[in-house]
Amino acid sequence: MSKKALPSSENIYKTNCPILYAMELIGQKWKLPIMWYIADAENQVLRYKELERKVVGITPTMLTKCLRELEKDGLIHREQYPTIPPTVEYSLTERGKTLIPALETVYQWGEAQMASRQ
């Protein structure tokens, strides 16, 4: 793997650096756990309240913000059904699913690090 220098003072939103681009999409604290729980769910679909319960510590405001950003970036799909109260389900898009193998690797690495710490 050839390492390339990260850009120093340029605007990261307009960078050609793949690392900075990826971190702009998924770099917030809650985005990866949200995607992980959706991918891990039965049928890979979760409702808003299920996500709220699974992602421990996230506020409703932050969950909504992250879900909107993930949807805007094409990583998750939001399906709203015309029921009362409204039913909303979230699933990964094909683009979002391509991130799961990398998340599994990070999960395994984190698990090994936690075990070696004990």
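- Between the CE atom of Met23 and the CG atom of Leu20 there is a distance of 9.0 Å, given to the nearest 0.5 Å.
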Exercise for review: Take Leu32 and Leu99, measure what side-chain contact (heavy atoms from CB on, under 4.5 Å) needs, and give me the verdict at the end.
Suggested key: CA-CA 9 Å; Leu32 291 178; Leu99 184 58; 3.9 Å; yes
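- By the 30° and 60° cut-offs, the orientation of the rings of Trp36 relative to Tyr107 is parallel.
- Residues Leu75 and Val106 are members of separate hydrophobic clusters, defined by side-chain heavy-atom contacts under 4.5 angstrom among Ile, Leu, Val, Met, Phe, Trp and Tyr.
- The side chain to side chain contact (heavy atoms under 4.5 Å, CB included) check on Ala39 picks up Leu92, Ile100, with sequence neighbours excluded.
- Between the side chain of Arg95 and the main chain of Asp73, a donor-acceptor pair closer than 3.5 Å is present.
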Check your understanding: Is there a salt bridge (charged side-chain N to carboxylate O under 4.0 Å, His left out) between Lys49 and Glu52 once you walk through the steps?
Key -> CA-CA 5 Å; Lys49 283 293 186 186; Glu52 197 173 37; 3.0 Å; yes
Check your understanding: What do the steps show when you test Tyr81 against Glu89 for side chain to side chain donor-acceptor pair (under 3.5 Å), and what is the final call?
Key -> CA-CA 8 Å; Tyr81 298 95; Glu89 293 180 338; 3.1 Å; yes
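- Contact record, Tyr48 with Pro60: OH-O, 3.1 Å, taken as the closest heavy-atom pair.
- For Gln44, the side chain to side chain contact (heavy atoms under 4.5 Å, CB included) partners are Lys97, not counting sequence neighbours.
- Annotation: side-chain hydrogen bond (donor to acceptor under 3.5 Å, both in side chains) contacts of Glu71 (sequence neighbours excluded): none.
- Rounded to the nearest 0.5 angstrom, Trp30 CH2 and Leu70 CG are separated by 13.5 Å.
- Checking side-chain atoms of Lys31 against main-chain N and O of Leu25 turns up a donor-acceptor pair under 3.5 Å.
- The structure places OG1 of Thr98 at 10.0 Å from CG of Leu103, a figure rounded to the nearest 0.5 Å.
- Side-chain contact between Glu79 and Ser91 is absent, with no heavy-atom pair separated by less than 4.5 Å.
- Taking each heavy atom of Thr93 and Gly74 in turn, the nearest pair found is OG1-O, 2.5 Å.
- Once rounded to the nearest 0.5 Å, the distance linking CD1 of Ile38 with OH of Tyr90 reads 8.5 Å.
- In the displayed structure, Arg68 atom CZ is contacted under 6.0 Å by at most 12 heavy atoms of other residues, nucleotides or ligands.
- Between Tyr37 and Leu46, the shortest heavy-atom contact is O-CD1, 3.5 Å.
- Proximity of Gln28 to Glu69: side-chain heavy atoms (C-beta onward) are separated by under 4.5 Å at one or more points.
- Using a cutoff of 4.0 Å between basic side-chain nitrogens and carboxylate oxygens, Arg53 and Glu50 are not scored as salt-bridged.
- Annotation: side chain of Leu51 is in contact with side chain of Leu67 (closest heavy-atom distance under 4.5 Å).
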